[in-house]
Amino acid sequence: MGKEVYRDCQRNHACSLGGYSVDGCSQFIGDGVRCEACGCHRNYHRKVVLAESEQSPNVKPFMSLREAKRLARQRGGVVVPAPPSHEAKVKQRKTKFSEGQREAMREFAESLGWSMRNKSRDAEVDRFCERIGVGKITFKTWLNNNRKCYFKGTATAGCEAKNSPPQG
């Protein structure tokens with residue numbers, strides 16, 4: 001295993017405001033756990049593990065991740081960056097159902113009693129989901145989200161507007 005070196009600071013100073021802003025500190029300075037340049041904890045700085053061949057004194061004081069990867073490929077060494085401390089949340093794509101799929105799911109959910117607890121009907125649920133082209137987990141999520149809208153025919157105006165196709 002090589003030497004651990006801490007590089008640029010990745011702390012998001014505008015997180016509490018809903019934004020993204022880093023201070024631009026280019027390298028961890030100091031021997032303790034706090035950077036003397038920016039005052040952040042060492043864990044906010046990108047950790048790079050240098051291979052044995054890269055520990056020579058001619059290594060630049062700051063190296064971008066792109067440069068580090070390029071050098072690693074050239075030398076055959078391994079540069080492993082530490083994962084960032086604040087990962088961005090990736091929003092999942094919303095599933096869009098056709099009118100036919102919605103109607104088929106509503107009818108099937110009514111036959112199930114709006115519950116998927118009956119394990120003896122798992123094969124039937126699998127066949128239904130494959131027939132209409134929807135995953136089982138997606139169907140279960142739809143069932144749980146729409147139970148109040150359709151259960152016993154007590155659909156509210158809000159649910160009907162949410163589930164109706166766009167007018168146009």
Side-chain angles (χ1 to χ4, degrees), residues 4 6-26 28 35 38 40-49 62-74 77-168:
E4 295 177 349
Y6 293 91
R7 299 287 184 195
D8 51 317
C9 182
Q10 298 178 342
R11 181 176 180 193
N12 182 5
H13 293 277
C15 184
S16 63
L17 303 174
Y20 184 79
S21 174
V22 293
D23 62 4
C25 176
S26 61
F28 181 80
C35 177
C38 64
C40 296
H41 191 274
R42 183 176 61 198
N43 290 348
Y44 285 110
H45 290 260
R46 182 172 53 92
K47 181 167 85 173
V48 177
V49 179
F62 172 73
M63 188 182 316
S64 70
L65 184 58
R66 181 178 292 159
E67 287 179 85
K69 287 181 178 180
R70 182 183 54 79
L71 277 174
R73 279 192 303 271
Q74 286 176 349
V78 178
V79 175
V80 182
S85 56
H86 296 287
E87 295 203 17
K89 293 182 181 178
V90 178
K91 191 172 183 179
Q92 289 186 343
R93 196 181 86 228
K94 187 174 180 179
T95 307
K96 302 285 185 184
F97 300 111
S98 68
E99 184 63 34
Q101 285 176 321
R102 274 196 298 268
E103 188 61 28
M105 287 190 293
R106 185 187 60 77
E107 289 172 4
F108 189 68
E110 285 176 355
S111 74
L112 290 175
W114 291 93
S115 175
M116 290 182 62
R117 292 185 183 199
N118 190 350
K119 298 294 180 191
S120 64
R121 296 184 76 177
D122 272 351
E124 183 182 355
V125 172
D126 290 335
R127 283 193 305 274
F128 168 76
C129 289
E130 190 161 323
R131 182 174 57 87
I132 67 167
V134 173
K136 185 175 180 179
I137 294 174
T138 306
F139 172 65
K140 182 179 179 180
T141 303
W142 181 90
L143 185 137
N144 289 329
N145 289 343
N146 292 278
R147 179 178 290 133
K148 290 180 181 177
C149 294
Y150 294 114
F151 189 55
K152 294 184 182 176
T154 58
T156 62
C159 293
E160 290 172 350
K162 180 176 82 171
N163 291 315
S164 64
Q167 302 296 323

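Since we're looking at a predicted model, the values are computed, not measured.
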Exercise for the section: Nearest 0.5 Å please: distance from the CH2 atom of Trp114 over to the NZ atom of Lys148. Expected result: 13.0 Å

Problem - Criterion salt bridge (Lys or Arg N to Asp or Glu O under 4.0 Å) on Arg102 and Glu99, from CA distance to verdict - result: CA-CA 5 Å; Arg102 274 196 298 268; Glu99 184 63 34; 2.9 Å; yes

Problem - Side-chain heavy atoms of Tyr44 within contact of Gln10, under 4.5 Å - result: no

Handout entry: Spatial distance of atom CZ (Phe128) from atom CG (Leu112) [nearest 0.5 Å]
Key = 8.5 Å

Exercise for the section: Quick one: list whatever passes salt bridge (charged side-chain N to carboxylate O under 4.0 Å, His left out) with Lys136, sequence neighbours left out. Expected result: Asp122, Asp126

Problem - Stepwise side chain to side chain contact (heavy atoms under 4.5 Å, CB included) test for Val134 and Thr95 - result: CA-CA 10 Å; Val134 173; Thr95 307; over 6 Å; no

Exercise for the section: Considering non-hydrogen atoms only, spot the tightest contact between His45 and Cys38 and give its length. Expected result: NE2-SG, 3.5 Å

Practice task
Could you walk me through whether Thr138 and Phe97 pass the side chain to side chain contact (heavy atoms under 4.5 Å, CB included) test, one step at a time?
Solution key: CA-CA 11 Å; Thr138 306; Phe97 300 111; 3.6 Å; yes

Handout entry: Evaluation steps, salt bridge (Lys or Arg N to Asp or Glu O under 4.0 Å), between Glu103 and Arg106
Key = CA-CA 5 Å; Glu103 188 61 28; Arg106 185 187 60 77; 2.2 Å; yes

Exercise for the section: Using the test side-chain contact (heavy atoms from CB on, under 4.5 Å), find all partners of Thr141 that sit at least two apart in sequence or belong to another chain. Expected result: Ile137, Asn145

Problem - Shortest non-hydrogen separation from Cys129 to Gly135 and the atoms involved - result: SG-O, 4.1 Å

Practice task
Taking side-chain contact (heavy atoms from CB on, under 4.5 Å) as the test, write out the residues that go with Ser111, two or more places apart.
Solution key: Phe108, Arg121

Handout entry: Nearest heavy-atom neighbours spanning Ala109 and Trp142
Key = CB-CZ3, 4.3 Å

Completion exercise
Value for OG (Ser115) from NZ (Lys140), rounded to nearest 0.5 Å, stands at 9.0 Å

Problem - Separation between CZ of Arg11 and NE2 of His41, rounded to the nearest 0.5 Å - result: 11.0 Å

Exercise for the section: Determine the minimum heavy-atom distance between Ile132 and Gln101, stating which atoms define it. Expected result: O-NE2, 3.0 Å

